[in-house]
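Contents: one structure, followed by commentary.
The shown structure was predicted, so the numbers you read here are calculated from the model rather than taken from an experiment.
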Amino acid sequence: MATAAVRLIALMMTLVSFSIHASPRIVSAGASVTDLLIDLGAEKQIVGIDATSQLNNKDVPNIGYHRQLSVEGVLSLSPTLLLGSEEMGPKPVLTKLDNTGIKVVALPSAPTVAALKQRITQVANLTDKQSKAASLLRAVDGKLTQLKRRALASTQQGVFLLVHQGRPASIAGASTTPNTLIELIGATNPAANTVTSYKPLSPEALLGFNPDFILVMQRSLDQLGGLTGLANAVPLLENTQAFQQNKILAIDGSVLVGGLSLKSLDEALRVQSQLIELSQ
């Protein structure tokens, strides 16, 4: 078994050396990374994706969840570049892949506009798509301008609840993509003052925040059976003004993976529009 593994690694290193001057063969480990490759026009360079990613009109192998990669699964696709977010792993697998000669790049996944722009530039350089990056950066600035122009009143408060069937709900605090999304639409996240990342939510804390609106993943709503199921899963939710004013909004969970993305900005614009309509 060990001899076979060594032979496989040697073969992969040979393939890497032959293709060093060609376009990279990319395994994309993360929805936001895959989306960025598509936006840059580098979709043809993708030879494998993870379970969170989607490709239109191209059938490529799936390597599983981006946090649980396997050496064999990645090597079987003969890539020259493994591209993912800082959430990609586990670390020992990444080290072994790097030792075979595959270039392993973990992009910054901080949920900030600055990190998004850095990812655009970095991926463009890796795929030789610098000219396309310029237009994407302009698109980012355009979306930010639109969000700022239509910003909600700063007194509006919103929270994001992470709810899975059979588990206690958690709330998103500072240093999370949902918190950035809430800030981008012009509102504030009261949980960010006391919570970093995600923290289990007590019913009393939810009542204390009493947000004007609440964001949840569409997938969670589907699994729980809609708002009624959500109310059953989150004690005292029905006592919040957000629930009573019908301001429980579903968002696409894929835009929350791997840091801020172009789709995150689009989702911020959509949520912003929906809240403006509900307030009229």
Side-chain angles (χ1 to χ4, degrees), residues 24 26 28-46 52-56 83-87 105-160 172-189 192 213 215 217 249-279:
I26 302 172
S28 178
S32 62
V33 177
T34 303
D35 290 341
L36 180 51
L37 287 166
I38 294 170
D39 290 334
L40 285 169
E43 183 174 354
K44 291 182 179 179
Q45 299 176 25
I46 301 174
T52 68
S53 301
Q54 290 185 342
L55 279 179
N56 297 324
L83 193 59
S85 72
E86 292 172 342
E87 299 170 352
V105 177
L107 300 169
S109 56
T112 65
V113 172
L116 169 58
K117 290 184 174 182
Q118 182 182 349
R119 283 196 299 276
I120 291 173
T121 301
Q122 189 172 353
V123 175
N125 289 335
L126 288 168
T127 56
D128 198 24
K129 299 290 183 181
Q130 292 88 345
S131 59
K132 184 64 175 176
S135 63
L136 283 187
L137 291 170
R138 287 194 296 270
V140 168
D141 288 336
K143 294 176 191 295
L144 293 173
T145 298
Q146 190 175 359
L147 284 164
K148 187 174 182 179
R149 186 175 66 246
R150 304 188 314 171
L152 303 177
S154 59
T155 54
Q156 287 284 302
Q157 294 192 110
V159 299
F160 172 81
S175 302
T176 63
T177 301
N179 181 63
T180 301
L181 192 149
I182 291 169
E183 292 177 344
L184 285 171
I185 66 177
T188 57
N189 174 14
F213 64 91
L215 306 178
M217 290 193 298
L249 279 62
I251 63 174
D252 180 0
S254 69
V255 308
L256 308 178
V257 180
L260 202 66
S261 66
L262 290 168
K263 283 190 175 181
S264 302
L265 300 183
D266 289 335
E267 193 71 344
L269 285 165
R270 187 189 66 80
V271 169
Q272 188 184 57
S273 295
Q274 193 171 355
L275 286 169
I276 290 172
E277 290 176 5
L278 289 172
S279 300

What's the spacing between [X] [atom1] and [Y] [atom2] if we round to 0.5 Å?
{"X": "Q146", "Y": "L184", "atom1": "CD", "atom2": "CG", "answer": "12.5 Å"}
{"X": "L152", "Y": "Q157", "atom1": "CG", "atom2": "CD", "answer": "12.5 Å"}
{"X": "L55", "Y": "E43", "atom1": "CG", "atom2": "CD", "answer": "5.0 Å"}
{"X": "K263", "Y": "S32", "atom1": "NZ", "atom2": "OG", "answer": "10.5 Å"}
{"X": "L83", "Y": "Q45", "atom1": "CG", "atom2": "CD", "answer": "10.5 Å"}
{"X": "L40", "Y": "Q130", "atom1": "CG", "atom2": "CD", "answer": "9.5 Å"}

Residues V105, V123; criterion side chain to side chain contact (heavy atoms under 4.5 Å, CB included); working and verdict: CA-CA 10 Å; V105 177; V123 175; over 6 Å; no

Determine, stepwise, if the pair F160 / N189 fulfils side chain to side chain contact (heavy atoms under 4.5 Å, CB included). CA-CA 8 Å; F160 172 81; N189 174 14; over 6 Å; no

How about L262 and D35: do any of their side-chain heavy atoms sit closer than 4.5 Å?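 No, every pair of side-chain atoms sits at 4.5 Å or beyond.
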
Residues two or more places apart in sequence or in another chain: which of them pass salt bridge (charged side-chain N to carboxylate O under 4.0 Å, His left out) with D39?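 So D39 forms no salt bridge (charged side-chain N to carboxylate O under 4.0 Å, His left out) with any residue.
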
Could you pull out the closest heavy-atom pair between [X] and [Y], with the gap in Å?
{"X": "N179", "Y": "A192", "value": "OD1-CB, 3.5 Å"}
{"X": "F213", "Y": "I182", "value": "CZ-CG2, 4.3 Å"}
{"X": "V33", "Y": "S85", "value": "CG2-N, 4.0 Å"}
{"X": "P178", "Y": "L256", "value": "CG-CD2, 4.0 Å"}
{"X": "L215", "Y": "L181", "value": "CD1-CD2, 3.9 Å"}

Verdict with reasoning, T188 to T155, per side chain to side chain contact (heavy atoms under 4.5 Å, CB included): CA-CA 7 Å; T188 57; T155 54; over 6 Å; no

Under 3.5 Å, which donor-acceptor pairs do the side chains of residues 265-278 form with other protein atoms, sequence neighbours left out?
{"from": "D266", "atom 1": "OD1", "to": "K143", "atom 2": "NZ", "distance (Å)": "2.6"}
{"from": "E267", "atom 1": "OE1", "to": "R270", "atom 2": "NE", "distance (Å)": "3.2"}
{"from": "E267", "atom 1": "OE2", "to": "D252", "atom 2": "N", "distance (Å)": "2.8"}
{"from": "E267", "atom 1": "OE2", "to": "R270", "atom 2": "NH2", "distance (Å)": "3.0"}
{"from": "R270", "atom 1": "NH1", "to": "Q274", "atom 2": "OE1", "distance (Å)": "3.2"}
{"from": "R270", "atom 1": "NH2", "to": "A250", "atom 2": "O", "distance (Å)": "2.8"}
{"from": "Q272", "atom 1": "OE1", "to": "R150", "atom 2": "NE", "distance (Å)": "3.0"}
{"from": "Q272", "atom 1": "OE1", "to": "R150", "atom 2": "NH2", "distance (Å)": "3.1"}
{"from": "Q272", "atom 1": "NE2", "to": "L147", "atom 2": "O", "distance (Å)": "3.0"}
{"from": "Q272", "atom 1": "NE2", "to": "R150", "atom 2": "O", "distance (Å)": "3.3"}
{"from": "Q272", "atom 1": "NE2", "to": "I185", "atom 2": "O", "distance (Å)": "3.3"}
{"from": "S273", "atom 1": "OG", "to": "R150", "atom 2": "NH1", "distance (Å)": "2.9"}
{"from": "S273", "atom 1": "OG", "to": "R150", "atom 2": "NH2", "distance (Å)": "3.0"}
{"from": "S273", "atom 1": "OG", "to": "L269", "atom 2": "O", "distance (Å)": "3.1"}

Within 6.0 Å of CD in Q54, more than 12 heavy atoms from elsewhere: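 Open: at most 12 neighbouring heavy atoms sit under 6.0 Å from CD of Q54.
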
Side-chain donor-acceptor pair present, S264, S261, cut-off under 3.5 Å: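 The criterion, which ignores hydrogens and geometry beyond distance, is satisfied for S261 and S264.
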
Assess the side chains of S53 and T34: does a donor N or O sit below 3.5 Å from an acceptor N or O?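 Yes - a donor-acceptor pair under 3.5 Å links their side chains.
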
Sequence neighbours excluded and cut-off under 3.5 Å, please list the side-chain donor-acceptor pairs for residues 107-118, or say none.
{"from": "S109", "atom 1": "OG", "to": "E86", "atom 2": "OE1", "distance (Å)": "3.1"}
{"from": "T112", "atom 1": "OG1", "to": "A115", "atom 2": "N", "distance (Å)": "3.0"}
{"from": "K117", "atom 1": "NZ", "to": "D141", "atom 2": "OD1", "distance (Å)": "2.7"}

Could you go through L37 and S28, starting from their C-alpha distance and side-chain angles, then the distance that decides it, and tell me whether this counts as side chain to side chain contact (heavy atoms under 4.5 Å, CB included)? CA-CA 9 Å; L37 287 166; S28 178; 3.8 Å; yes

